[in-house]
Amino acid sequence: MTVTSESLAASVASISPAMLALAGGVLAALILLVIVLFLRAAGLRREQAEEADLRARESAMRMAELLKIQAEMQGRITAMAEVFGARQSELNQSINQRLDGMSQRMSSTITEQTKSTHENLQRLQERLAVIDAAQNNIQTLAKDVVGLQAILSNKQTRGAFGQSRMETIVADGLPMGAYAFQQTLSNGSRPDCTIRMPNGAPPLVIDAKFPLEAWNAIRDAGSPEAGKLAGQQFRRDMEIHIRDIAEKYLIQGETQDTAFLFVPSESIFAELHENFEPVVQKAHRARIVIVSPSLLMLSIQVIQAVLKDQRMRAQAHLIQGEVAALMDDLGRLDERVRKLQGHFAMAQKDIDMVVTSADKLTRRGAKIEALEFEAGGDIRPARDDEAPAKSVESRTGLLKLRVVDEE
């Protein structure tokens with residue numbers, strides 16, 4: 001320890017006065033800095049204390065305001081509770097009244113609805129009876145349709161169906177001898193119908209074998225792809241059938257250069273022209289006319305008018321002769337009527353003379369009736385309704401009979 005104190009004293013003694021002065025200045029500066037910091041801390045604490053007091057006063061004021069507001073709110077809540085209680089009682093009363101009114105209206109409405117429902121059920125039962133009758137008719141019609149479908153499913157019966165309809169139209173529109181069914185041509189083919197044309201022209205051929213199987217395949221297609229394939233098949237069948245008609249039935253000099261292809265349905269005819277225009281155009285180029293029942297009927301009427309005109313032209317000289325004979329008969333009839341008129345004039349003259357004689361006799365009888373005879377005689381004056389009048393009437397009757405005998 002002594003060594004250390006001595007060494008420290010030696011070290012202090014060895015320090016120069018300048019160094020000591022510098023160290024003293026630094027120490028003084030540090031002390032000053034500590035004093036400044038202490039003063040600032042005291043000012044900060046004082047400011048913080050003032051701010052805390054200010055905040056405490058503000059909080060107290062706010063608390064007082066909140067208490068005042070709370071008191072006001074409690075008063076308002078109490079007033080609102082009283083108002084709500086009064087309103088709720090009024091609302092309950094109004095709701096009860098409305099419920100009573102609604103209950104009465106509901107009861108009356110339910111009664112009316114029950115009555116209306118009963119009437120509707122009665123009408124429904126009547127309609128159901130009508131529907132049952134209609135259903136029976138529909139079932140009968142369905143059986144007929146099934147039978148027709150069975151007929152149309154067979155190719156031969158289908159051809160017979162179309163041919164039967166075509167034959168009915170032709171037979172109704174043309175006279176006997178103006179058409180023929182299943183007539184054999186020079187090439188061995190037998191068309192369904194041939195119609196004789198006027199002036200020695202070749203007959204017109206009608207075919208009734210429409211490819212209905214391919215058409216039914218189009219109608220029964222369940223998808224667009226299947227419908228497209230069925231349409232292609234129908235187009236091929238129609239083209240083959242048109243080519244067969246043109247090759248078999250259009251014979252130069254033996255038949256007309258145009259033939260009819262009969263379609264037994266107006267709806268098929270319309271859809272054919274709407275959806276298969278190329279087939280129709282190809283038929284026109286091949287001089288094949290596709291006709292529906294109405295068009296065939298119209299064509300038959302035109303042919304009938306042409307045949308009638310041709311027959312009238314062929315019998316024109318006979319008609320002229322008959323007209324000349326008729327004019328001769330009219331001349332003789334006029335002459336005989338004039339003679340009969342003369343006879344009637346002479347008979348009228350004779351009748352006038354007979355009437356004059358009858359008038360004279362009547363006057364003479366009146367004079368005789370007016371004469372007076374002696375009493376007791378056989379003859380006495382006659383009364384108006386006795387013999388003289390009867391005698392006159394009898395004489396007049398004799399005169400009339402005499403006139404008839406003269407005629």
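The first residue in the sequence is number 1, and the count goes up from there.
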*asked:* Once rounded to the nearest 0.5 Å, what's the spacing between atom CG of L128 and atom CD of Q135?
replied: 10.5 Å
*For the student: nearest non-hydrogen atoms of R105 and S108, plus distance*: O-OG, 2.8 Å
_Over all atoms of both residues, closest heavy-atom pair of A208 and M166_ = CB-CE, 4.2 Å
*asked:* For E167, give me all partners under side chain to side chain donor-acceptor pair (under 3.5 Å), at least two apart in sequence or on another chain.
replied: Q163
*Check whether any side-chain N or O of H241 sits under 3.5 Å from a backbone N or O of K209 as a donor-acceptor pair, and report yes or no.*
yes
_side chain to side chain donor-acceptor pair (under 3.5 Å) pairs, two or more places apart, involving residues 115-127_ = S116-N120, H118-Q122, N120-R123
*List in chain and number order the residues that pass salt bridge (Lys or Arg N to Asp or Glu O under 4.0 Å) with K228, two or more places apart in sequence or in another chain; answer none if no residue qualifies.*
none
_Test side-chain contact (heavy atoms from CB on, under 4.5 Å) applied to D172 and I300, step by step_ = CA-CA 9 Å; D172 290 341; I300 293 300; over 6 Å; no
_Test item: N187 and E254 side chains (from C-beta on) under 4.5 Å apart, heavy atoms_ = no
Tell me which donor-acceptor pairs under 3.5 Å the side chains of residues 39-62 have, and how far apart each pair is, sequence neighbours excluded?
unit_1 : atom_1 : unit_2 : atom_2 : d
S59    : OG     : R55    : O      : 2.8

*Contacts of type side chain to side chain contact (heavy atoms under 4.5 Å, CB included), residue D237, not counting sequence neighbours*: P211, A214, Q233
*So does R236 have more than 12 non-hydrogen atoms from other groups sitting under 6.0 Å from CZ?*
yes
_The criterion is side chain to side chain contact (heavy atoms under 4.5 Å, CB included); which residues satisfy it with L295, sequence neighbours excluded?_
F269, V291, S292
*asked:* Working to the nearest 0.5 angstrom, can you tell me the gap between D207 CG and L261 CG?
replied: 6.0 Å
*Quick one: pull up CG in L326 and CG in L330 and give me the separation to the nearest 0.5 Å.*
4.5 Å
*Where do L204 and T258 come nearest, in terms of heavy atoms and distance?*
CD1-O, 3.0 Å
*Results of side chain to side chain donor-acceptor pair (under 3.5 Å) for E65 - residues two or more places apart only*: none
*Return the set of residues passing side chain to side chain contact (heavy atoms under 4.5 Å, CB included) with A171 (not counting sequence neighbours), or none when no residue passes.*
Y179
*Calculate, to the nearest 0.5 Å, the distance between atoms CD and CD belonging to Q348 and Q341 respectively.*
12.5 Å
*Rounded distance (nearest 0.5 Å) linking atom CG of L250 with atom OG1 of T255*: 5.5 Å
Please output the side-chain donor-acceptor pairs of residues 66-87 that fall under 3.5 Å, not counting sequence neighbours, one pair per line with the distance.
unit_1 : atom_1 : unit_2 : atom_2 : d
T78    : OG1    : Q74    : O      : 2.8

*Are the side chain of R235 and the backbone of V279 linked by a donor-acceptor contact shorter than 3.5 Å?*
no
*Any sub-3.5 Å donor-acceptor pair from S94's side-chain atoms to E90's backbone N or O?*
no
*C193 and F181: which non-hydrogen atoms are nearest, and at how many Å?*
SG-CE2, 3.6 Å
*Take L296 and I206 through the side-chain contact (heavy atoms from CB on, under 4.5 Å) test and state the conclusion after the steps.*
CA-CA 10 Å; L296 180 60; I206 301 176; 3.8 Å; yes
*Close side-chain approach of I290 to V263, heavy-atom, < 4.5 Å*: yes
_salt bridge (Lys or Arg N to Asp or Glu O under 4.0 Å) contacts touching residues 325-338 (sequence neighbours left out)_ = D329-R332, D334-R338, E335-K339
*Partners meeting side chain to side chain contact (heavy atoms under 4.5 Å, CB included) with P293 (sequence neighbours left out)*: R165, I169, F262, E266
*Pick from D244, D192, I288, V205: which one makes a side-chain contact (heavy atoms from CB on, under 4.5 Å) with Y249?*
V205
_Would L185 and R190 count as a side-chain contact (heavy atoms from CB on, under 4.5 Å) here? Give the steps._
CA-CA 6 Å; L185 300 179; R190 298 178 64 185; over 6 Å; no
*Under the salt bridge (Lys or Arg N to Asp or Glu O under 4.0 Å) rule, what pairs show up with a residue in residues 284-297, not counting sequence neighbours?*
D257-R287
*Begin with the C-alpha distance, continue with both residues' side-chain angles, and end with the deciding distance and a verdict on side-chain contact (heavy atoms from CB on, under 4.5 Å) for F234 and L272.*
CA-CA 10 Å; F234 174 74; L272 184 65; 3.6 Å; yes
*Under 3.5 Å, side chain of Q256 to main-chain N/O of P202, donor-acceptor pair present?*
yes
*How far apart are the closest heavy atoms of I242 and A283, and which atoms are they?*
CD1-CB, 3.5 Å
*Nearest non-hydrogen partners of A246 and A286, listed with the distance*: CB-O, 4.4 Å
*Counting only heavy atoms not in Q252, do more than 12 sit closer than 6.0 Å to its CD atom?*
no
*How many angstroms lie between atom OG of S189 and atom CD of Q182, to the nearest 0.5 angstrom?*
10.5 Å
